[in-house]
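Report on the following structure.
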Amino acid sequence: RDPKAGTRKEDFMSVITRPFVPPAPVPRTTPPSRLEIIRTVMRNPLELWGEPSFRLQWMKTKFFNERTLIVNHPGLVRHVLVDNARNYHMATIRQLILRPMLRDGLLTAEGETWRRSRKAMAPVFTPRHAQGFAEKMLEQSRAFTTRYETAAASGEVRDIAVDMTELTFDILSATLFSGQVAGTEAEFAGDIEKLLSTMGRVDPMDLLKAPLWVPRIRRMFGRTVLAKFRNIVKQTMADRQRLMKTDPEAVPEDFLTLLIRLQGPDGLTIDEIEDNIITFIGAGHETTARALGWTLYCLGNSPSDREKVEAEIDVVTASEADPVKWLDMMPWTRAAFEEAMRLYPPAPSINRAAIEDDEWDDGKGETVTIEAGTTILVMPWTLHRHTKLWDRPEAFIPSRFLPENRGAIDRYQYLPFGVGPRICIGAIFALQEAVIALGVLLSRYRFDCVAETRPWPVQKLTTQPEGGLPMQVSRR
């Protein structure tokens, strides 16, 4: 026996305390051919990245004869997305993918349109205003959990990915639209899945930068559901406008009313209002839904972390009725959510293109030159799993995000909501929503994996679990 080896008991303990490593593509060790690139990007872009992307701090390459810079150095991330953000606009391929669906929504708009929209919507998402939504988030989360009563009694297996989509729809509808979104939650969840499976994925014509009038075969199948989705938004807007005319005192002062009142020569056009509602309903809530699902999945595979989260939730929910305070009082719960977003970032890629020549010095004698037209890839998928930036990057270790450990994480190595002028406007809203939802769900129920729980991360608009997240629900 090796004298350096521990006793059998010590070996056993090391096994049971080993952190959970959730599924992810193994980094490539050989460069893919052009045909492989097309196939992989169409199927799942997350499977494209090679070992150097998780080891090097920056890497210059060519992607379909286009100069490309992959950025993993926090300082260079800051330079491109913050310090010299004016020199970088949205990359062409990204816009070709997203604009047909979101048009001039906040996620895809640029220039003056983006500035007007961002300024107009910013007051709704200040920390103070977001806190005003906490009670409705709590109310919707509690109402949602009642559907688990029968499931818990019978040991039913539920697809948590679908459930979280419906829960976040309920919260979004109640908080930003006062529950007055046309359509049902079940219908909505199915439509979202169809929309992102068709309209939110790369087409070969995008890789070739073909103009938008060239048909995208994959997206042709999504036109019907996109049209249906836009009709729901038009109906929602029409219903609110009718109420504003017939009964002004009954009009709720919410996000929808704010947007409609911004219509005019100095505000937003009616089309821009529609595009932003599509963005928030379609893309905004989807990111939180996916992160919640991945969090429950990871906790289901990490009993020791789940115990800490449950114990924390039990203490806080029993002693503090105000959900506004939960975000600060539940560090383990927040840490689990943030660690799930590290492993499965809601937006796995941030793409830019250089407008003019640029350069950046790392402060250690190396300079990165960036030619005009170069595509910049800041990839949270690789950045969040980078071997030079994280200890055991492939493992689920929520403790790294506890307050006492946060100082070791550079602001620009963790980008679940982006960074800089285009940072997600709803970041505080999403964090508060997630902690409240988890607090309610995990105070009552436990979610365990079953034999069929074999998700595979796939990049669509967000990082989605292919195969869903079937989990058994039981009473705690």
Side-chain angles (χ1 to χ4, degrees), residues 101-109 113-141 143-144 165-185 187-189 191-192 195 226-289 424-430 432-433:
M101 179 169 55
L102 305 179
R103 297 181 187 171
D104 275 322
L106 201 58
L107 196 62
T108 43
T113 301
W114 174 79
R115 280 187 284 273
R116 279 190 291 106
S117 298
R118 181 85 183 198
K119 182 179 180 181
M121 286 181 269
V124 179
F125 295 98
T126 60
R128 181 184 61 81
H129 206 131
Q131 289 172 358
F133 295 131
E135 282 294 341
K136 283 188 177 180
M137 291 174 175
L138 179 63
E139 178 185 312
Q140 291 300 316
S141 297
F144 186 86
T165 298
E166 294 180 0
L167 170 57
T168 54
F169 170 76
D170 289 349
I171 292 174
L172 185 84
S173 176
T175 53
L176 300 189
F177 303 96
S178 300
Q180 297 173 5
V181 177
T184 66
E185 64 168 29
E187 181 182 44
F188 172 81
D191 288 343
I192 279 288
L195 190 65
L226 180 59
K228 179 183 177 183
F229 211 68
R230 284 197 170 270
N231 284 334
I232 289 174
V233 171
K234 289 179 188 294
Q235 184 62 52
T236 301
M237 292 172 61
D239 291 346
R240 179 60 59 85
Q241 288 170 313
R242 190 179 304 113
L243 184 63
M244 292 169 74
K245 290 178 181 178
T246 59
D247 192 1
E249 293 186 3
V251 176
E253 292 297 321
D254 59 11
F255 180 63
L256 179 57
T257 298
L258 170 72
L259 281 182
I260 291 174
R261 285 179 177 158
L262 289 172
Q263 183 183 354
D266 298 322
L268 303 178
T269 68
I270 194 68
D271 287 339
E272 289 168 356
I273 293 172
E274 180 183 312
D275 294 341
N276 276 298
I277 294 174
I278 285 279
T279 297
F280 277 88
I281 293 180
H285 101 286
E286 166 75 4
T287 53
T288 309
C424 173
I425 197 171
I428 295 297
F429 181 100
Q432 176 177 273
E433 173 187 11

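- What you find for Ile273 and Met237 is that their closest heavy atoms are CG2-CE, 3.7 Å.
- Using a 4.0 Å cut-off between a side-chain N of Lys or Arg and a carboxylate O of Asp or Glu, Asp275 and Arg230 qualify as a salt bridge.
- Across Ser173 and Val181, no two heavy atoms sit closer than the pair OG-CG2, 3.7 Å.
- Using modelled atom types, no side-chain atom of His285 and backbone atom of Thr168 make a donor-acceptor pair closer than 3.5 Å.
- Not a single donor-acceptor pair under 3.5 Å links the side chain of Thr257 to the backbone N or O of Glu253.
- Remark: Lys136 does not engage Asp254 in a salt bridge, criterion side-chain N to carboxylate O under 4.0 Å.
- A donor-acceptor pair under 3.5 Å links the side-chain atoms of Gln432 to the main chain of Ala130, judged by distance alone.
- A distance of 11.0 Å separates CD in Gln241 from OG1 in Thr236, rounded to the nearest 0.5 Å.
- We find the CD-CZ distance between Glu272 and Arg103 to be 12.0 Å, quoted to the nearest 0.5 Å.
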Task: Step-by-step side chain to side chain contact (heavy atoms under 4.5 Å, CB included) determination, Val124 to Leu258 - done: CA-CA 9 Å; Val124 179; Leu258 170 72; 3.0 Å; yes
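- Side-chain atoms of Gln235 and Asn231 include no donor-acceptor pair closer than 3.5 Å.
- Looking only at side-chain heavy atoms (C-beta outward), Ser141 and Glu433 stay at 4.5 Å or farther from each other.
- Side chain of Thr246 to backbone of Arg242: a donor-acceptor contact under 3.5 angstrom is found.
- With rounding to the nearest 0.5 Å, the separation of CG in Leu256 from CZ in Arg261 is 10.5 Å.
- In this structure, Leu176 and Phe133 have side chains that are in contact, with non-hydrogen atoms separated by less than 4.5 Å.
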- [ ] Under the side chain to side chain contact (heavy atoms under 4.5 Å, CB included) rule, what do Phe429 and Met137 come out as? Steps first, then yes or no, please.
- [x] CA-CA 10 Å; Phe429 181 100; Met137 291 174 175; 3.5 Å; yes
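- Residues Leu243 and Ala250 approach most closely at CD2-O, 3.9 Å, considering heavy atoms.
- Of the possible polar contacts, one joining the Asn276 side chain to the Leu106 backbone as a donor-acceptor pair under 3.5 Å is found.
- Note that CD1 of Ile278 and CG of Asp271 are 11.5 Å apart. Values are rounded to the nearest 0.5 Å.
- Thr279 and Gly105 get closest at one heavy-atom pair: OG1-CA, 3.3 Å.
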TODO: Check step by step if side chain to side chain contact (heavy atoms under 4.5 Å, CB included) holds for Phe280 and Ile425.
DONE: CA-CA 10 Å; Phe280 277 88; Ile425 197 171; 3.7 Å; yes
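- Here the CE-CG distance, from Met121 to Leu259, works out to 6.0 Å after rounding to the nearest 0.5 Å.
- The closest side-chain heavy-atom distance from Asp247 to Glu249 is below 4.5 Å.
- The line from CZ of Arg128 to CD1 of Ile428 is 14.0 Å long, rounded to the nearest 0.5 Å.
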Open item on the list: Walk me through whether Ile171 and Phe144 qualify under side chain to side chain contact (heavy atoms under 4.5 Å, CB included).
Closed with: CA-CA 10 Å; Ile171 292 174; Phe144 186 86; over 6 Å; no
